[in-house]
Structures are given as structure tokens and as C-alpha cells.
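Throughout, protein chains are lettered first and strands after them, A, B, ... in sequence-line order, and every chain is numbered starting at 1.
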Protein chains: 2
Amino acid sequence: MNYSVSEENYIKTIFHLQKKEGTVTTNELAGELKTRPASVTDMMKKLKAKKLLHYQPYQGFRLNNDGTKVALAIIRRHRLWEYFLAEKLKFTWDEVHEVAEELEHVSNKKLIDKLDAFLGYPKNDPHGDPIPDANGKIDTGKKIRLPEIPLHTPCIVSGVSNQSGEILELLEHKKIRIGTRLEIRKKFDFDESLEIKSGKQTITTISRQLAENILITHEA
Amino acid sequence: MNYSVSEENYIKTIFHLQKKEGTVTTNELAGELKTRPASVTDMMKKLKAKKLLHYQPYQGFRLNNDGTKVALAIIRRHRLWEYFLAEKLKFTWDEVHEVAEELEHVSNKKLIDKLDAFLGYPKNDPHGDPIPDANGKIDTGKKIRLPEIPLHTPCIVSGVSNQSGEILELLEHKKIRIGTRLEIRKKFDFDESLEIKSGKQTITTISRQLAENILITHEA
DNA sequence: AAATAAATTTAGTCAAATCTAAAAAATTAA
DNA sequence: TTAATTTTTTAGATTTGACTAAATTTATTT
């Protein structure tokens, strides 16, 4: 029921990798975790013994139901802390991930559920990724991006899908943050740039690349 | 510059133990950490090699300057998280210690300084113990307890020095929490009980034992 | 389909942090 | 001041998670 930091990092990483392909290979995992293939094999035997994943030598691995539950609990912790760091402690979007990597391993269930309540049960972390609820349910519906919103429809920024310092700088400059109310005023076909009204009054123009990275909630 | 969870627990415990006596013995430390004397000796060699404490075989040990700095950083983290848990997440006073024992080992300096700012630079944790500042300065002045406050002098509850569930239950019942404004109305010599006005209007009587455990700030 | 290359696993080490059992030092008591 | 007791340290083993190097399995070429 309780896993080491190392075990948790393996489980979490397998979860992320297997979303793309059905199964994860030894080398992939070693690359992602910056460890050696031999170490991965060792850990896979251990996690198999703990019945968290399917694993046959040379065949790759895949989390089973129990393993997925564990992964979702870790991801819930990670994303709630990210939200807390950005929203309450005023960390910038590109700083939260690193700190959350440490906080996610504090696995007191009551702590996390109370943190969730304190934050107002947020649905997405600052990068727009969905936060699993206390039962491990996660919103798998794909993200809505700004270009998909119709003209003159007020909406609210719920995250960005790109965490680079550059995009942050630009968004900061344009005063676009999580919770900012936006409305598209005009779409220019030539370069697909958008003229938007943001916050109270500000009118500005943003590029297609930028708009593609702005995630939106409808509830507005 | 970075210490393992285990090393941190040893350092922190030595700090607390040596406050009472000048020096700490192997058995004392083993008892406190629920480990074996042989393990303590091993760790003392390691911490001596890292120049965090004075240690001569059979002579006990004592943190040096560097070790004390490390201890104060850990205690700062612990107490800030305790404050956060009680104040923001609504944990009760008797629950915060256990959770903070885990959170204290996340040693990102920026995280802790931002947390401190978010909390409004609190001076004491929910048990009334002083919180070291970002430079490791700690208020060593002794705590003021409710019986020391003169009659009709408004003051504010800053903590309790006893963390039992029983005292919590009583304080909860009387609606006395951190931040509650109190004023002593009458002191009864017979049993040293106090009649106090708490919060807006409530008048109630509390025993000497209870009053002794209520810590007070003057700023009110 | 054999030969080569790549991926994976096995075997054997290592460091950190713990333990038990035995030895050594310090303390207390007779 | 010896003897007995307690405290502390040493020596050797164990567990976890990592590593290197060698062996094995799978995949890719020619």
C-alpha cells in the first residue's frame, strides 16, 4: 500500500509512456528515468511481484488495474501541488513541475484531499492537464484550445500546454493567466492570428502558435 | 549541502535533545529515533565526516555551527508546514505534526520562502513554538502563557503548548483557536481558574491547567 | 537463413542505512 | 580497587536501488 520514491517514479513514468504506445520497453523507461536498462529490469521484477504490472521478460510492460490506480494517485498529488504552487505561492508556470516532483511523494491521503478542498477542487493543473479526483477519476476529454472557441464567446483560460520560459514571458507580458477572461474579436485568415479582448478591456493580437497553446474552459 | 531524510532526522533530533542537556548520548538518540545504538554510532561518524557535529567516541555529540544551521532550516520547514496545515487546510492541532514530519524533508529553499510569505511570515507554529526566519534566526524568548496576562488586557491566542487530543477537544468546545481574541475578566484565587471573554462576547471559565497551555501574543 | 546488430536480462559489485552479536570502554557498586 | 553493570563501538550481515560487464534473446540485414 506504500511505495518508495523510486517505485513511485517508475510507476508514474510507465503511466505517461504507455499512454502513447500500449506497452513500454526497458530502454524507453531507462531513457526517461535517466537510469540504466539493468536497473529497470530489476525494478520491473519487483513491481511485478507487487502485482502492479504485466511483465514477461523481453516483452515490455504495462500497468495493470492496481498499478494504474497507484499512478493516478501520484499524478493527482503532483498536479494538485502544481496548482497550489502557481495559484497560491505565485510560482511561474515553468517552475512548478520541478518542485511538485518532490512534493508528490508525500502520500498522506488526508493531506491531499484537504489540499484539494482548499484549492476549490481544481479540474486542471497550470499546464492544462486534468487532475484526477479523490477516487482516481480523470477527465480524459481532450483539451479545448483557444482557436476552437467561436467569435465573441467569453471563455476562461485554464492552462497552457507548453511550459517553456518563452511562452511564459509572452503570456506574462500580455497579462494572460489562469482564470483570465478572454473573448475573440476577430480572426485573420492570412496568418490565423487572433484579436482578443482579455481581462477587463485590453485588446491585443496573438499568433496562431500562441493561441494553440492556450487551454480554455467553457464555464464562463 | 543536501542531506538524506535519515540524516535530517538525526540532525533535527540531536538539536531538540541537546537543548536540555549540553550533549547527547548514543542511547538517548537511539531511543528517540527508535533505532539501535549501533546505527547511531554509524551515523555519527558520517555526520562528523560531514563536519556537522563534534563527536569523540564514548563522549557523546553536539551539533556545531554548521549542524545547527541545518537543524534550524529543517525546523523552519517543519513549523511552516504545521502552520499551513492548521491555518489553511484546517487540520486540527494534534494532526499537524505527523504530516509535517514528511513535508519537512522537501528542501527547496524558494518553496519554503514563498510559503512563508504566503502565510504572512508567522512567528509561531500551532503549538506555539517559534519559527526560524529565512536566515535561521529564531525567537528564543520564552513563551507568554495566559495566566501571565493582566486583567482586562486584550490579547490573541498564538498556540497551545500541549498537543493532546483532550486539550484540543476542550478548546474546540470553548471555541478558542489560534487568532482568538481573549480578555481575562476575573481571576479566582481558590483554584486559580479564570473567567475570560473570548471572541465577540462569550464569557466562560477555564481551569489553571488549561490556561497554562494557552500561549499568547501581545500584539493586540 | 545465417550473420550482425540491438535490446534485454543475468551475475556480480557497491553505497546507504539498518540490524545482531560480540568486543571494548566507561561507570557504578561491592 | 576490583568486579559487575551499563554504554558504546566494532564486525559482519541484510535490504534497497543503482551500477558494469557479460550473456542471452529478439530484430534486422544481407
B:Lys45 vs D:dT10: side-chain N/O to OP1/OP2 distance below 4.0 Å
yes
Whole angstrom value for the distance that separates C1' of C:dA16 from CG of B:Asn2:
16 Å
Can you tell me how far C1' of C:dA25 sits from CD of B:Gln59, to the nearest Å?
10 Å
Regarding A:Asn27 and A:Thr25, do their side chains bring together a donor and an acceptor under 3.5 Å, going by distance alone?
no
So, is A:Tyr58 near the phosphate of C:dA6, with a side-chain N or O under 4.0 Å from OP1 or OP2?
no
Tell me what A:Pro57 touches on the nucleic acid: a base, only sugar-phosphate, or nothing, going by heavy atoms under 4.0 Å.
sugar-phosphate
Does A:Asp191 use its side chain to pair, donor to acceptor, with the backbone of A:Ser193 at less than 3.5 Å?
yes
So if I take every side-chain heavy atom of A:Met43 and compare against D:dT9, D:dA18, D:dT24, which nucleotide ends up nearest?
D:dA18
Taking only side-chain N and O atoms of A:Asn27, does any of them lie within less than 4.0 angstrom of OP1 or OP2 on C:dA6?
no
In whole angstroms, the gap separating P of D:dT25 from CD of A:Gln56 amounts to 15 Å
How close or far is atom P of D:dC19 from atom NZ of A:Lys34, stated in whole angstroms?
13 Å
Residue-phosphate contact under 4.0 Å: B:Ser39 side-chain N/O, C:dT18 OP1/OP2
no
Spacing of A:Asp42 atom CG relative to D:dT16 atom P, expressed in whole Å:
12 Å
Testing D:dT26, C:dA11, D:dT9 for proximity to the side chain of A:Ala38, the answer is C:dA11
Under a 4.0 Å N-O cut-off, is there an ion pair linking A:Glu104 with A:Arg79?
no
So what does B:Tyr10 hit on the nucleic acid, given a heavy-atom distance under 4.0 Å: a base, only sugar-phosphate, or nothing?
sugar-phosphate
Given DNA chain D, 5'-ward residue of the pair A:Arg36 and B:Thr26, judged by closest heavy atom:
B:Thr26
Mind calculating the distance between CG (B:Leu29) and P (D:dT9) to the nearest angstrom?
11 Å
So, OP1 or OP2 of C:dT18: does either fall under 4.0 Å of a side-chain N or O from B:Ser6?
yes
Would B:His173 and B:Glu169 count as having a side-chain donor-acceptor pair, cut-off 3.5 Å?
no
Please confirm whether the shortest side-chain N or O distance from A:Tyr3 to OP1 or OP2 of D:dT16 is below 4.0 Å.
no
Is A:Thr35 near enough to D:dC19 that one of its side-chain N or O atoms lies under 4.0 angstrom from OP1 or OP2?
yes
Whole Å only: how far is the CZ atom of B:Phe61 from the P atom of D:dT7?
14 Å
In terms of side-chain heavy atoms, does A:His105 have a donor or acceptor partner in A:Asn9 at a distance below 3.5 Å?
yes
In whole angstroms, the gap separating C1' of C:dA16 from CG of B:Asn9 amounts to 15 Å
